[in-house]
Asker: 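Below are the structure tokens for one structure; questions will follow.
Every value quoted in this text rests on a predicted model; they were computed, and no experiment measured them.
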Amino acid sequence: MTLKRKDGSNAKTKIKRKVYERELNKLQVELCHLQEWVRQTGARIIILFEGRDAAGKGGTIKALTDRVSPRVFRVVALPAPSDREKTQMFGRRYIEHFPAAGEIVIFDRSWYNRAGVEYVMGFCSEQDHGKFLDTCPQIERYIVDAGIHLLKLWLEVGQEEQERRFKARIDDPLRQWKLSPMDLESYRRWYDYSRARDMMLERTDSNYAPWYIVRTNDKRRARLNCISHILEQIPFKKVSRQKVKLPKRSDKHKYDDQLSLKGMKFVAEKY
């Protein structure tokens, strides 16, 4: 019998670091195969990450992109819109980052800001929010019909775990930058964000662009589950690649290229 936590997730023990690193390595090898397939076939893929603050989006994206080329896996994390962008057609600033052939674009938050922080914090009107929920599925239909693979992931962390992570950030100089005024408001308005989430999922989930929810109370388990899911959703094949052989190094114009550095300024070897 599997026990359930208050937040509905399975009560499993946390994955040990050694197990996590072993399984992550396997998945990252598969991501390299996916990368080569994308490059050779000219596929276009969008992966967007949404979710609670402190749900682990950044860590998951880092695990996803750590061993692949940033020229293929592009991460887009846009700042708050400028005054000019606020007056433009909504979504324009996201569309200009869409993938060309042979690219995977990862949105660290996306156009769904309008259904989340903008709506909850009053940065957009009720009318704009409703219009977004009405038109978003239609726009995503166009994206998919254009041949772009669109994957939507919502990372869900429980109340107690979110509080623990926020408190850890308060006193850690390496993580204090992660704690913004918007994070504090999201903590205070937990149920406002929950209702906004529920409305968003109900109105924008579709057969062609479904939402998938990832439980993230255990960060390591969540990263593995997330990457595994992404690999399963993209119908890629392992492609053959010509084996590389280092050429013979030429001795033509040979000289003492270390002696020529004598007298130059070197970084002090403190370590």
Asker: Verify side-chain contact (heavy atoms from CB on, under 4.5 Å) between R223 and L24, making sure each step is shown before the conclusion.
Answerer: CA-CA 8 Å; R223 291 168 191 168; L24 179 60; 5.7 Å; no

Asker: Output yes when E21 and R17 qualify as a salt bridge under the 4.0 Å nitrogen-oxygen rule, no when they do not.
Answerer: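 A salt bridge links E21 with R17.
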
Asker: Does OH in Y20 sit with more than 12 non-hydrogen atoms of other residues, nucleotides or ligands closer than 6.0 Å?
Answerer: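 Result for OH/Y20: enclosed.
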
Asker: Within the structure provided, determine whether I46 and L151 are in side-chain contact (heavy-atom separation under 4.5 Å).
Answerer: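 They are not in contact (no side-chain heavy atoms under 4.5 Å apart), so the answer is no.
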
Asker: Write out all pairs satisfying ring-ring contact (aromatic ring centres under 6.0 Å, His included) with one or both partners inside residues 56-90, taking only residues at least two apart or from two chains.
Answerer: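 Of all non-adjacent pairs touching residues 56-90, those that pass ring-ring contact (aromatic ring centres under 6.0 Å, His included) are F90-F132.
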
Asker: Ignoring hydrogens and angles, tell me if any N or O in the side chain of Y94 forms a donor-acceptor pair with the backbone of S110 under 3.5 Å.
Answerer: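 Yes, because the side chain of Y94 sits within donor-acceptor range (under 3.5 Å) of the backbone of S110.
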
Asker: Do you know which two heavy atoms are closest between P235 and H149, and how far apart they sit?
Answerer: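 Minimum heavy-atom separation between P235 and H149: CD-CE1, 3.9 Å.
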
Asker: Which other residues end up in the same hydrophobic cluster as Y191, if Ile, Leu, Val, Met, Phe, Trp and Tyr are linked when side-chain heavy atoms come under 4.5 Å apart?
Answerer: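 For the cluster that includes Y191, the remaining residues are W190.
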
Asker: Test salt bridge (charged side-chain N to carboxylate O under 4.0 Å, His left out) on R197 and E156; report intermediate values, then the result.
Answerer: CA-CA 10 Å; R197 174 205 64 194; E156 181 71 15; 2.9 Å; yes

Asker: If I take atom CH2 from residue W154 and atom CE from residue M200, how far apart are they, to the nearest 0.5 angstrom?
Answerer: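 If I round to the nearest 0.5 Å, the distance is 5.0 Å.
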
Asker: Mark yes or no for whether R169, through its side chain, and W177, through its backbone, hold a donor-acceptor pair below 3.5 Å.
Answerer: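 No, R169 side chain to W177 backbone: no donor-acceptor pair under 3.5 Å.
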
Asker: Between the side chains of D183 and S186, does any donor sit under 3.5 Å from an acceptor?
Answerer: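 No, no side-chain donor-acceptor contact under 3.5 Å.
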
Asker: Donor-acceptor pair, distance only, cut-off 3.5 Å: does the side chain of S82 make one with the backbone of E85?
Answerer: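 Yes, S82 side chain to E85 backbone: donor-acceptor pair under 3.5 Å.
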
Asker: Decide, yes or no, whether a salt bridge links K178 with D172 under the criterion of side-chain N to carboxylate O below 4.0 Å.
Answerer: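 A salt bridge is absent here (no side-chain N lies under 4.0 Å from a carboxylate O).
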
Asker: Within a 6.0 Å radius of atom CD on E202, are there more than 12 heavy atoms belonging to other residues, nucleotides or ligands?
Answerer: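 It does not: E202 CD has 12 such atoms or fewer within range.
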
Asker: Hydrophobic clusters here meaning ILVMFWY residues chained together by side-chain heavy-atom distances under 4.5 Å, can you tell me if L150 and Y208 are in one?
Answerer: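 Yes; tracing contacts between hydrophobic side chains, which count when under 4.5 Å, links both residues.
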
Asker: Calculate, to the nearest 0.5 Å, the distance between atoms CZ and OG1 belonging to R220 and T60 respectively.
Answerer: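 R220 CZ to T60 OG1: 13.0 Å, rounded to 0.5 Å.
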
Asker: Do K167 and R164 come within less than 4.5 Å of each other through their side chains, counting heavy atoms only?
Answerer: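 Of all side-chain heavy-atom pairs linking R164 with K167, none is under 4.5 Å.
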
Asker: Could you walk me through whether R52 and L155 pass the side-chain contact (heavy atoms from CB on, under 4.5 Å) check?
Answerer: CA-CA 6 Å; R52 300 276 193 184; L155 275 55; over 6 Å; no

Asker: Does the side chain of R67 reach to within under 4.5 Å of the side chain of Q35, using non-hydrogen atoms?
Answerer: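 No - every pair of side-chain heavy atoms lies 4.5 Å or more apart.
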
Asker: Might you confirm whether atom CZ of F266 has over 12 heavy atoms from other residues, nucleotides or ligands at distances under 6.0 Å?
Answerer: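 Above 12, so yes.
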
Asker: Looking at F98, does the NZ or CZ of R44 lie under 6.0 angstrom from its six-membered ring centre and within 45 degrees of the ring axis?
Answerer: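 Here R44 fails the 6.0 Å and 45° test against F98.
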
Asker: Given the rule in the side-chain contact (heavy atoms from CB on, under 4.5 Å) test, do K57 and E50 qualify, once you have shown the distances and angles that lead to the verdict?
Answerer: CA-CA 7 Å; K57 291 181 291 296; E50 292 288 343; 5.6 Å; no

Asker: State the CG-CD distance between D66 and Q28, to the nearest 0.5 angstrom.
Answerer: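 It is 5.5 Å, given to the nearest 0.5 Å.
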
Asker: Do S228 side-chain atoms and L224 backbone N/O form a donor-acceptor pair below 3.5 Å?
Answerer: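 Not at all, since once roles are kept as given, no pair shorter than 3.5 Å links the two residues.
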
Asker: Is atom CZ of R189 surrounded by more than 12 heavy atoms (other residues, nucleotides or ligands) closer than 6.0 Å?
Answerer: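 Enclosed: over 12 neighbouring heavy atoms sit under 6.0 Å from CZ of R189.
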
Asker: Please answer whether the main-chain N or O of H33 pairs with a side-chain N or O of K237 as donor and acceptor at a distance below 3.5 Å.
Answerer: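 Checked: no pair found.
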
Asker: For a 4.5 angstrom cut-off between non-hydrogen side-chain atoms, does M199 reach L133?
Answerer: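 With C-beta onward as the side chain, the pair touches.
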
Asker: Would you say the ring centers of H229 and Y212 fall short of 6.0 Å from each other?
Answerer: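 Yes, they do, as the ring centres are separated by less than 6.0 Å.
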
Asker: Would you find more than 12 non-hydrogen atoms of other residues, nucleotides or ligands less than 6.0 Å from E96 atom CD?
Answerer: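 Yes, because the 6.0 Å sphere around CD of E96 holds more than 12 heavy atoms from other groups.
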
Asker: Could you check whether S260 and D257, counting side-chain N and O atoms only, form a donor-acceptor pair closer than 3.5 Å?
Answerer: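 No - no donor-acceptor pair under 3.5 Å links their side chains.
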
Asker: Side chains of L34 and W37: does their closest heavy-atom pair fall under 4.5 Å?
Answerer: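 Of all side-chain heavy-atom pairs linking W37 with L34, at least one is under 4.5 Å.
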
Asker: Given V117 and Y193, is the side-chain contact (heavy atoms from CB on, under 4.5 Å) satisfied, shown in steps?
Answerer: CA-CA 8 Å; V117 64; Y193 273 92; 3.5 Å; yes

Asker: Would you say the side chain of C136 lies within less than 4.5 Å of the side chain of R203, judging by non-hydrogen atoms?
Answerer: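 They are not in side-chain contact.
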
Asker: Any side-chain heavy atom of I234 within less than 4.5 Å of one from I45?
Answerer: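 Yes, their side chains come closer than 4.5 Å.
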
Asker: Atom OH of Y112 and atom CG of L201: how far apart are they, to the nearest 0.5 Å?
Answerer: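 Answer rounded to 0.5 Å: 9.0 Å.
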
Asker: If you measure from CG on D205 to CG on N207, what distance do you get to the nearest 0.5 Å?
Answerer: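 D205 CG to N207 CG: 8.0 Å, rounded to 0.5 Å.
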
